[in-house]
Student: 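First, the structure itself, so that you have it in front of you.
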Amino acid sequence: METRLCDIRNLNSEEALRGLKLAGEILRGGGLVGFPTETVYGLGANAFDAEAVASIFAAKGRPGDNPLIVHVASLQQARELVEFTPLAEKLAERYWPGPLTLVLDSRGLVPASVSAGLSTLAVRLPSHPGALAMLRAAERPIAAPSANLSGRPSPTLASHVLEDMQGRVPLILDGGAVEIGLESTVVDARGECPILLRPGKITQEELRLLCGDCPAAGQADCARPASPGMKYRHYAPQGQLFLVKTWREAEALRLQLLQEGLPLPLLLLSDESAGELQQRGVPEEQIISLGSEARPEEFAHNLFAALREADHRAASHIIGQSIPAIGLGAAVMNRYTKAASKK
């Protein structure tokens, strides 16, 4: 299969209009399309078409018990798919369109495979203009996980999608670099307060301010997850990733690995730590800066691209600097920790 890349950064351009029309035709015909959102790039299929949904799992190598998120073009479209609660109405009014996914009771209109056989369905109204234009062109809800091979770092550029999906999908819509860089926040909105299933840009602290409480799902809930990102190892580079807290720990581990005769490790550090180690003689080419320690949004935006760059450099050992798991930092560390996991 030939994979076509179409630039939709200017939605009024002739190329974008042709690409969006083609995307709609492909999706209505049961095919797959890679597309940008404000969070990461998605791999979309007609949510009503069981065979098209199955092709998502096949293209990604994704386990069948890992549910998908259905992307909608309007609040009304979401209401047709799931049973909205007063809490869901409140959350949608505040955060849609945007990087929040709501898990609600399904009305049974989409194949069971979309939600991995659960009675719930995860739905989201994205804010990215390109994603909304594609959804309108498709004229139906689109089931979409991130557009990467299962387990690999999520794509934040169209070129990342092409790396993983070339020859697997007919079309990738290029909307440029994503805004956020981490997948959406996912909450179970069936009760009186949201239950956090996956952290993201919309933080647990922010949800508590709005709703009064927002507990996180327990470990037992991961056995049969209602949300992507709860059960399996994700976001992982090819090399072994170690997490440290400070530049001193990074330098000590770097020296230990070298003493063991291992190849030069790649360092993923804050701007501040990168400066410290460069002053101490660590070559600049061994370091990738993720952003300032005071700006977790920079870490979020740059993390997946840095993990993919580690693969491009064939880094067998990677030392990553963590940040406090507070606010958006909790979402960063959720991905970082899973990337370093061996399960």
Side-chain angles (χ1 to χ4, degrees), residues 37-43 60 62-63 65-71 82 87-88 91-92 94-96 98-104 114-116 118 120-127 143-148 150-156 178-191 193-208 210-211 213-236 296-297 299-301 303-304 307 323 325-341 343:
T37 77
E38 69 275 22
T39 56
V40 298
Y41 273 76
L43 181 63
K60 284 177 60 73
R62 183 183 180 91
D65 63 348
N66 199 3
L68 307 178
I69 294 171
V70 175
H71 295 65
V82 291
L87 173 62
L91 291 168
R94 173 64 179 84
Y95 294 114
W96 277 9
L100 179 69
T101 294
L102 302 177
V103 172
L104 295 162
V114 173
S115 54
L118 298 173
T120 54
L121 186 67
V123 292
R124 181 163 95 87
L125 174 56
S127 63
S146 54
N148 54 291
S150 187
R152 291 210 68 209
S154 296
T156 57
V178 302
E179 174 191 352
I180 297 171
L182 299 179
E183 300 84 354
S184 61
T185 302
V186 182
V187 298
D188 183 334
R190 292 175 293 169
C193 68
I195 299 173
L196 184 66
L197 302 180
R198 182 177 71 186
K201 171 71 172 177
I202 298 169
T203 66
Q204 186 176 26
E205 292 85 348
E206 187 176 348
L207 290 165
R208 282 174 176 157
L210 179 68
C211 301
D213 195 12
C214 181
Q219 189 64 34
D221 298 314
C222 296
R224 196 177 182 205
S227 163
M230 293 182 69
K231 183 176 181 180
Y232 293 97
R233 185 186 189 215
H234 289 279
Y235 326 117
E297 63 270 22
F299 267 67
H301 187 268
L303 177 60
F304 287 148
L307 293 175
I323 57 175
I326 301 170
L328 182 55
V332 171
M333 292 312 302
N334 171 268
R335 277 42 166 209
Y336 229 163
T337 302
K338 286 183 180 292
S341 170
K343 297 182 180 180

Student: Does a donor on one side chain sit under 3.5 Å from an acceptor on the other, for Ser154 and Arg335?
Tutor: no
Student: Return the set of residues passing ring pair (Phe, Tyr, Trp, His ring centres under 6.0 Å) with Phe299 (not counting sequence neighbours), or none when no residue passes.
Tutor: none
Student: Can a donor-acceptor pair be found between the side chains of Ser115 and Thr120 at a distance below 3.5 Å?
Tutor: no
Student: Just wondering, do Leu125 and His71 contact through their side chains at under 4.5 Å, heavy atoms?
Tutor: no
Student: Rounded to the nearest 0.5 Å, what separates atom CD1 in Ile180 from atom OG1 in Thr37?
Tutor: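 The distance works out to 7.5 Å.
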Student: In chain order, what residues pass the salt bridge (Lys or Arg N to Asp or Glu O under 4.0 Å) check against Arg208, with sequence neighbours excluded?
Tutor: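 Listed in chain order: nothing, the list is empty.
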Student: Would you please name every residue forming a side chain to side chain contact (heavy atoms under 4.5 Å, CB included) with Pro296, sequence neighbours left out?
Tutor: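 If we apply the side chain to side chain contact (heavy atoms under 4.5 Å, CB included) test to Pro296, skipping adjacent residues, the hits are Ile323, Leu328.
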Student: Report yes if the side chains of Asn334 and Val332 come closer than 4.5 Å at any heavy-atom pair, otherwise no.
Tutor: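 Not touching, per the 4.5 Å side-chain cut-off.
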Student: Between the side chains of Ser146 and Glu183, does any donor sit under 3.5 Å from an acceptor?
Tutor: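 Not at all, the side chains of Ser146 and Glu183 share no donor-acceptor pair under 3.5 Å.
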Student: Is any side-chain heavy atom of Ser184 closer than 4.5 Å to one of Ile69?
Tutor: yes
Student: Taking salt bridge (Lys or Arg N to Asp or Glu O under 4.0 Å) as the definition, give me every residue that meets it alongside Glu38, ordered by chain and number, with sequence neighbours left out.
Tutor: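 Applying salt bridge (Lys or Arg N to Asp or Glu O under 4.0 Å) to Glu38 gives Arg124.
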Student: Kindly say whether Cys214 contributes a backbone atom to a donor-acceptor pair with the side chain of Gln204 at under 3.5 angstrom?
Tutor: yes
Student: Can you tell me how far OG of Ser150 sits from CG of Asn66, rounded to the nearest 0.5 angstrom?
Tutor: 7.0 Å
Student: May I ask you to decide if Met333's main-chain N or O and Lys338's side chain share a donor-acceptor pair within less than 3.5 Å?
Tutor: no
Student: Any side-chain heavy atom of Thr203 within less than 4.5 Å of one from Thr185?
Tutor: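 Heavy-atom side-chain distance check fails, nothing below 4.5 Å.
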Student: For a 4.5 angstrom cut-off between non-hydrogen side-chain atoms, does Val187 reach Leu100?
Tutor: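 They are in side-chain contact.
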Student: Please name all residues satisfying side chain to side chain contact (heavy atoms under 4.5 Å, CB included) with Val178, sequence neighbours left out, ordered by chain then number.
Tutor: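 Side chain to side chain contact (heavy atoms under 4.5 Å, CB included) check on Val178 returns Tyr41, Thr156.
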Student: CG of Leu182 to CZ of Phe304: how many Å apart, nearest 0.5 Å?
Tutor: 5.5 Å
Student: List in chain and number order the residues that pass salt bridge (Lys or Arg N to Asp or Glu O under 4.0 Å) with Glu206, two or more places apart in sequence or in another chain; answer none if no residue qualifies.
Tutor: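 Per chain and number, Glu206 pairs via salt bridge (Lys or Arg N to Asp or Glu O under 4.0 Å) with Arg94.
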